[in-house]
Amino acid sequence: MKIVTIVGARPQFIKEAVVGEELRKAGFKHILIHTGQHYDYNMSDVFFRSLEIKDPDYNLGVGSGTHAVQTGLTMIRLEEVIIKEKPDIVLVYGDTNATVAGALVSAKLKIPVAHVEAGMRQEPRDMPEEINRVLTDRMSDFLLCPSRTAVENLQKEGVEKGIWFTGDVMYDLYLKMEEYFDYSTVERLSLKENEYVVVTIHRDFNTDSKERLETILKQLSLVAKEKRAVFPIHPRTRKRIQEFHLDNYLRHFSVVNPLDYPEMMGLVKLSWKVVTDSGGLQKESYFAGKQAVVVMPDTSWIELIKRGINSLSEPGEIYEKLFSVGDNTFEKDLYGSGNAGALIAKTLGGSE
Ligand code: UD1
């Protein structure tokens, strides 16, 4: 059986590191397409290198642009490849423009679509990632869910067929890579264990309003008076900080370029807590036994909020939430058993 998987942005490279390998182990002929949405070395190549992901068979060179430009260009260039390759299944990950473009092209060509991270839902419904999630799920034949909440979300929406609980491939990756975590950033910045906060902010609703971004930076500056704050900065956030002339706040933090997975996880593992608006990091901090303040109005990883491990925060509440979040009690099996990649390959009809 031939399967095409589509990746385009940072969190998808991370998931591909697990799923691609399992698909090939299960006997699939595996073609990898990179849409080119993320193209900086630190946002793309570094993951292929550090996680030993196979080189893409195609790079569509889509790059940056408005949502319509990114989605449209991906569709046009992808259609040609899918028609040529004639796969039995197309697999897409998560919630980016590459995800929705891949699902739409394949569904129209009547090729079954598999969606890894199906059933994730969160407010606000007009958030680009949420639009991508809902549309992709509607077009998918295999809805591969990372959590029980995701399964329930799909059932509530009346989906009757094609739902599988596989667990989260990011948990697989955490377990697989734990012994290779890289502590060089911790050493380079002379950070002390449990004495610093890791910060990542990149969602458009946090970065694209000057007022909101400034409130976040002000709150983080307050935090930085008590704990060191390490800020691996996404290119979008860096650009907005410059455009809004907010650079002055950055002197309070240890600002670094985006990190690769082993470095990021090494940094989180020895941290005190995490402040983030990343879907992936709020869970990875949980795997590492840390708590996260999630700077979002809602999250699809709601189990961690309900259990009091993570805390949702408005920009103006970051300091207060950070110094009051409760315990991180690790609950086995919340996101599967660390074999989500193998279960996905099996569900899609792999031979092992
Ligand atoms: C995308 C995904 C988001 C995911 C995130 C992880 C969508 C709608 N969003 O958001 O779900 O959590 O990736 O990082 O697909 N840029 C660079 N270099 C790069 C990549 C981006 O400079 O390698 C800059 C560009 O100016 C671009 C901006 O960052 O306009 C935003 O990038 P974009 O691809 O639009 O989405 P992300 O914010 O990264």
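In listed order, ligands and their atoms are each counted from 1. Nothing fancy with the numbering, it's 1 onward along the sequence.
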Enquirer: To which of H67, H38, Q12 does the heavy atom nearest atom 8 (C) of ligand 1 belong?
Expert: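 The nearest heavy atom belongs to H67.
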Enquirer: Say whether T207 and H234, considering side chains only, have a donor N or O and an acceptor N or O under 3.5 Å apart.
Expert: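 Distance-only check fails for T207 and H234.
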Enquirer: Under a plain distance cut-off of 3.5 Å, with no hydrogens placed, do Y174 and E284 share a side-chain donor-acceptor pair?
Expert: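 There is no such pair between these side chains.
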Enquirer: I'd like to check which ligand 1 atoms, numbered from 1 as shown, lie under 4.0 Å from a non-hydrogen atom of R203.
Expert: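 Once the distances to R203 are compared, the set is 3 (C), 11 (O), 12 (O).
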Enquirer: Check each heavy atom of R236 against ligand 1 and say whether those closer than 4.0 Å belong to the side chain, the backbone, both or neither.
Expert: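 Both backbone and side chain.
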Enquirer: Which atoms from ligand 1 have a heavy atom of A9 less than 4.0 Å away?
Expert: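 Listed by number with element, the hits are 13 (O).
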Enquirer: So if I count the atoms of ligand 1 from 1 in the order they appear, which ones are less than 4.0 Å from some heavy atom of D95?
Expert: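 Every atom of ligand 1 under 4.0 Å from some heavy atom of D95: 11 (O).
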Enquirer: What are the two closest heavy atoms between I31 and Y58, and how far apart are they?
Expert: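 Shortest heavy-atom contact: CG2-CE1, 3.8 Å.
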Enquirer: For T96, counting its heavy atoms only, list the atoms of ligand 1 lying under 4.0 Å from any of them.
Expert: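 Per the distance check, 2 (C), 7 (C), 11 (O), 15 (O).
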Enquirer: Which atoms of ligand 1 have any heavy atom of Q70 under 4.0 Å away?
Expert: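 Those of ligand 1 that fall under 4.0 Å from Q70 are 34 (O), 35 (O).
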Enquirer: Counting heavy atoms only, which part of P11 comes closer than 4.0 Å to ligand 1: side chain, backbone, both or neither?
Expert: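 Only the side chain of P11 comes within reach of ligand 1.
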Enquirer: Heavy atoms only: which of R133, E130, R10, H202 lies closest to atom 5 (C) of ligand 1?
Expert: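 It is H202 whose heavy atom sits nearest to atom 5 (C) of ligand 1.
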Enquirer: Taking only heavy atoms of E129, which atoms of ligand 1 are found under 4.0 Å from at least one of them?
Expert: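 Matching atoms, with element in brackets: 3 (C), 9 (N), 11 (O).
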Enquirer: Note the single closest protein heavy atom to atom 26 (O) of ligand 1, along with its residue, its atom name and the distance in Å.
Expert: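 The closest heavy atom on the protein side is K239 NZ, 2.5 Å.
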Enquirer: Do the side chain of K321 and the main chain of L312 share a donor and acceptor less than 3.5 angstrom apart?
Expert: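 A pair under 3.5 Å: yes.
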Enquirer: Are N97 and Q70 linked by a side-chain donor-acceptor pair shorter than 3.5 Å?
Expert: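 Side chains of N97 and Q70: pair found under 3.5 Å.
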Enquirer: How close does the nearest protein non-hydrogen atom get to atom 27 (C) of ligand 1, and which residue and atom is it?
Expert: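 Going by distance alone, atom 27 (C) of ligand 1 is nearest to S64 OG, 3.5 Å.
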Enquirer: Looking just at side-chain N and O atoms, do S50 and Y180 make a donor-acceptor pair shorter than 3.5 Å?
Expert: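 On atom types as modelled, these side chains do not qualify, holding no pair under 3.5 Å.
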Enquirer: If we set the cut-off at 4.0 Å for heavy atoms, which region of M43 has an atom near ligand 1: side chain, backbone, both, or neither?
Expert: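 Just the side chain.
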Enquirer: Would you say R77's side chain and L60's backbone share a donor-acceptor pair under 3.5 angstrom?
Expert: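 Here the side-chain-to-backbone pair exists.
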Enquirer: Scan side-chain atoms only and decide if Y319 and E226 contain a donor-acceptor pair under the 3.5 Å cut-off.
Expert: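 Result is yes, a qualifying pair exists.
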Enquirer: May I ask you to say whether R203 pairs ionically with E129, meaning some side-chain N is under 4.0 Å from a carboxylate O?
Expert: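 Looking at R203 and E129, the cut-off is met.
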Enquirer: Can you list the atoms of ligand 1 that are under 4.0 Å from a heavy atom of N97?
Expert: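 The atoms of ligand 1 under 4.0 Å from a heavy atom of N97 are 7 (C), 8 (C), 15 (O).
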Enquirer: Could you check atom 24 (C) of ligand 1 against the protein and tell me its nearest heavy-atom contact, residue, atom and distance included?
Expert: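 Answer for atom 24 (C) of ligand 1: P235 CB, 3.9 Å.
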Enquirer: Between E314 and R212, does any side-chain N to carboxylate O distance fall below 4.0 Å?
Expert: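 Counted as a salt bridge, because a side-chain N and a carboxylate O are separated by less than 4.0 Å.
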Enquirer: Judging by distance only, is a nitrogen or oxygen of Q37 under 3.5 angstrom from one on ligand 1?
Expert: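 Right, the criterion is met.
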Enquirer: Does D208 pair with R236 as a salt bridge, N-O distance under 4.0 Å?
Expert: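 Yes, this pair counts.
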Enquirer: Identify, by atom number and element, the atoms of ligand 1 in contact range of H234, meaning under 4.0 Å from any of its heavy atoms.
Expert: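 With H234 as reference, the close atoms of ligand 1 come out as 14 (O), 29 (O), 37 (P), 38 (O), 39 (O).
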Enquirer: Please list the nearest protein heavy atom to atom 18 (N) of ligand 1 with its residue and the distance rounded to 0.1 Å.
Expert: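 Heavy-atom neighbour on the protein nearest atom 18 (N) of ligand 1: D40 OD2, 3.0 Å.
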